[in-house]
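Here is the structure we will look at, set down as C-alpha cells.
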Protein chains: 2
Amino acid sequence: MNEKESTKDKIIKTASRLFQMQGYHATGLNQIIKESGSPKGSLYYYFPDGKEQLALESLQVTAKFVLDQIVDGLQKSSEPVMAIQNLINDMAERFEKEGCKGGVPVASIALETSLISEPLRNACQLAYFSFQDAFTQKLISSGLEENRAIELGIAINSMVEGAFLLSFTMGNSQPLRMVAKQIPVLLK
Amino acid sequence: MNEKESTKDKIIKTASRLFQMQGYHATGLNQIIKESGSPKGSLYYYFPDGKEQLALESLQVTAKFVLDQIVDGLQKSSEPVMAIQNLINDMAERFEKEGCKGGVPVASIALETSLISEPLRNACQLAYFSFQDAFTQKLISSGLEENRAIELGIAINSMVEGAFLLSFTMGNSQPLRMVAKQIPVLLK
DNA sequence: CAAAAATTATAACAACTGGTCTACATACAT
DNA sequence: ATGTATGTAGACCAGTTGTTATAATTTTTG
C-alpha cells in the first residue's frame, strides 16, 4: 500500500518541480512521465482529468510546502519584525545557494492559468491567501490590531512575492534583501 | 513606407498583447498571425530569428509603455508620497475597469523565459530596472539621499509587482490598494 | 488456485507547434 | 522598361502536444 501510492506521489513530486521551474505550458506530460520514471498509462489512471488535475494537485503540494516554510520561519522568533526579516533573509540565502534555478513557486502557474482555468486560479488564490494569513496571524499574535494586521499581511505578502519574482528575473537576491530591510520601517 | 511598417507594427502590437495575456508558450505564432491579419511569410520576414525575436521586441514595446505610464504618473505630483500613492491607485483603478483581463505586463514573459532564453531574461531585467529607477529618481529629486532612494526604489518596485501579480490572481485590486496605503509609512 | 481489481503498457488520435520553402506581387532604382 | 529589393501569401514539414482506447500485466482478494 505504501509503495503503490509512491507512483502517484512520484508523478506529483516531479510535476510539482517541473511546473514550478518551467511553467504550465512548457512542461509536457511526456517529460513528467519520463523524469518521474512512471508509465504513461498510470498518469491518466491517477489523474483521469488530465493535465489540469495533475497541475492542481501539484500546486497544492507546492503551496503546502511553501506555507510550512513560512509558518516555521515565523515561529523562530517571537518578535514579528525579526521573525519576518529573518524569514525573508532565509529565502534570499536559499535563493543564492540554489542559483535561482528553482523558479517561483506559485506565480508561474498563477500567471499562466488564471485566465484559462478557474480551478487552478482558485487554487493559486487559496495558496496566496494562506501565505498572507500566516503573516497576518503572526502580527495579531504579537498584539497588533486586527485590521492593521490584515493590511500588513497583504502588503508584506505582495512585497515578498514581488521580490521573489524580481530576484528570479534579475538572477540576484538583492530585491529580497532590500525588502527584508524595509520590514522594520513598515512595522512602525 | 508608413503603411508598410504598420504590418510589422501590427504583428508586434498583437504579439505584445497576447504574450502579456496568455504567456509565451501558450501564445502560438499562428494565433498572432491570424489575429493581426498578417501572413506567416511576413512574420519570418520581419523576425527572421522567429518567436524569440518577436517576443523580445514585443516585450520592449510593452516595457516602454509601462515605463511611460510610471514616469507620467510620478510627474503628476511633486511630492513623492502622493505621487507614488496616486500612481498605484491609478493602476488599481485601471485594473478594476479592465477586469484583470490584461495580464501582468512583464512578469508573464519573465517567469516563462528567464531560464531558457538569456536575451529575453535580459530584456525583462532591463525593463524591471527601468521601473525601479523611475521610483528611485523621483525620490532623489525630492531630496532623499541616494543610497536610501535606491533601496526604496527596489522595495517599492517589488511591492508593486507583487501586488499586481496578487491582484491578477485574486481577481481583486485589494493588494494594489493595500500596497498604496503603506507608501506613506514606508517613506517615513 | 481462480476471479477480480488495480495498475501498466502500447499504439494511435487529431490538433497544433515553430519553422522552412517557394511562388507571387509590388515598388523603386537605373 | 528592366532588374532588384522589399514585402506578401500560404502550402508544407517534421515533431510534439494532450488525450483516448484497448490490451497486457501485475496485485489483491476470495
Side-chain angles (χ1 to χ4, degrees), chain A residues 1-59 108-109 112-113 115-120 123, chain B residues 1-59 108-109 112-113 115-120 123:
Chain A
M1 195 74 90
N2 303 352
E3 285 311 315
K4 299 205 175 162
E5 286 189 349
S6 90
T7 290
K8 181 177 183 180
D9 287 348
K10 241 185 345 181
I11 294 180
I12 287 193
K13 200 175 156 192
T14 304
S16 198
R17 196 187 82 238
L18 291 176
F19 281 139
Q20 193 175 139
M21 280 176 37
Q22 310 176 338
Y24 183 78
H25 289 97
T27 301
L29 263 16
N30 295 322
Q31 187 188 11
I32 295 173
I33 284 317
K34 194 188 293 178
E35 292 203 18
S36 75
S38 311
K40 193 159 191 173
S42 301
L43 204 162
Y44 277 88
Y45 175 77
Y46 290 113
F47 308 94
D49 289 342
K51 193 180 188 180
E52 188 178 14
Q53 183 187 357
L54 173 56
L56 192 112
E57 298 195 27
S58 300
L59 181 79
S108 43
I109 297 222
E112 280 188 77
T113 65
L115 293 180
I116 60 174
S117 161
E118 179 54 21
L120 277 173
Chain B
M1 196 73 92
N2 303 350
E3 286 310 314
K4 298 201 176 166
E5 287 189 350
S6 91
T7 291
K8 180 176 183 179
D9 287 348
K10 244 186 341 184
I11 295 179
I12 287 193
K13 200 174 155 191
T14 304
S16 198
R17 197 188 80 239
L18 292 176
F19 281 139
Q20 195 174 135
M21 281 176 36
Q22 311 177 338
Y24 183 78
H25 289 98
T27 302
L29 263 14
N30 295 320
Q31 186 188 10
I32 296 173
I33 284 318
K34 193 188 293 178
E35 294 203 17
S36 76
S38 313
K40 199 160 195 173
S42 301
L43 203 162
Y44 275 88
Y45 175 76
Y46 291 112
F47 308 94
D49 289 342
K51 192 179 190 181
E52 188 179 13
Q53 184 188 357
L54 173 57
L56 191 109
E57 298 196 27
S58 301
L59 180 79
S108 43
I109 297 223
E112 282 188 76
T113 65
L115 293 180
I116 60 173
S117 162
E118 178 54 22
L120 277 173

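Below, chains carry the letters A, B, ... as their sequence lines are ordered, and counting in each starts from 1.
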Handout entry: Result of checking B:Leu59, B:Thr113, B:Ile32 against B:Phe19 for side chain to side chain contact (heavy atoms under 4.5 Å, CB included)
Key = B:Ile32

Problem - Minimum-distance nucleotide to A:Asn30 side chain [options: D:dT17, C:dT8, D:dT8] - result: D:dT17

Problem - pair A:Ile12-A:Phe47: side-chain heavy atoms closer than 4.5 Å - result: yes

Exercise for the section: Side chain of A:Leu29 only, please: which of D:dG18, C:dG18, C:dT8 is the nearest? Expected result: D:dG18

Exercise for the section: Mind calculating the distance between CD (B:Gln31) and P (C:dG18) to the nearest angstrom? Expected result: 10 Å

Problem - Gap between atoms NZ and P, on B:Lys51 and C:dT17 respectively (whole Å) - result: 8 Å

Exercise for the section: Would you mind listing every salt bridge (charged side-chain N to carboxylate O under 4.0 Å, His left out) that reaches into residues 37-51 of chain B, with sequence neighbours excluded? Expected result: none

Fill in the blank from the handout: Picking from D:dG18, C:dT8, D:dG10, the nucleotide nearest the side-chain atoms of A:Lys40 would be D:dG18

Problem - Below 4.0 Å: OP1/OP2 of D:dT8 and any side-chain N or O of B:Tyr46 - result: yes

Problem - Gap between atoms CD and P, on A:Glu52 and D:dT17 respectively (whole Å) - result: 19 Å

Practice task
Figure out the CD/P separation between A:Gln53 and D:dG18, and round it to whole Å.
Solution key: 15 Å

Handout entry: Minimum-distance nucleotide (side-chain atoms of A:Tyr45 versus C:dG19, C:dT7, D:dT6)
Key = C:dT7

Handout entry: Nearest-Å distance for atom pair NE2/C1', residues A:His25 and C:dG18
Key = 16 Å

Exercise for the section: Rounded off to whole Å, could you give me the CG-to-C1' distance for the B:Leu43 and C:dC21 pair? Expected result: 15 Å

Practice task
Give B:Gly41 one of three labels, base, sugar-phosphate or nothing, depending on what nucleic acid heavy atoms sit under 4.0 Å from its own.
Solution key: base

Exercise for the section: Report yes if a side-chain nitrogen or oxygen of B:Thr7 is closer than 4.0 Å to either non-bridging phosphate oxygen (OP1 or OP2) of D:dT8; otherwise report no. Expected result: yes

Handout entry: Which nucleotides of DNA chain C pair, in dot-bracket form (Watson-Crick or G-U under 3.5 Å, | meaning another strand)
Key = |..|||||||||.|||||||||||||||.|

Handout entry: Atom-pair distance (OH on A:Tyr44; C1' on C:dA6), nearest Å
Key = 20 Å

Practice task
May I ask you to decide if B:His25's main-chain N or O and B:Glu112's side chain share a donor-acceptor pair within less than 3.5 Å?
Solution key: yes

Practice task
Look at A:Ser42 and C:dT7 and indicate whether a side-chain polar atom (N or O) is within less than 4.0 Å of OP1 or OP2.
Solution key: no

Completion exercise
When rounded to whole Å, the NZ to C1' distance for the pair B:Lys10 and D:dA9 reads 13 Å

Practice task
List in chain and number order the residues that pass side-chain hydrogen bond (donor to acceptor under 3.5 Å, both in side chains) with B:Thr27, two or more places apart in sequence or in another chain; answer none if no residue qualifies.
Solution key: B:Gln22

Exercise for the section: State, yes or no, whether a side-chain contact exists between A:Ser36 and A:Lys13 at a heavy-atom distance under 4.5 Å. Expected result: no

Handout entry: Within-4.5 Å side-chain heavy-atom neighbours: B:Tyr44 and B:Gln53
Key = no

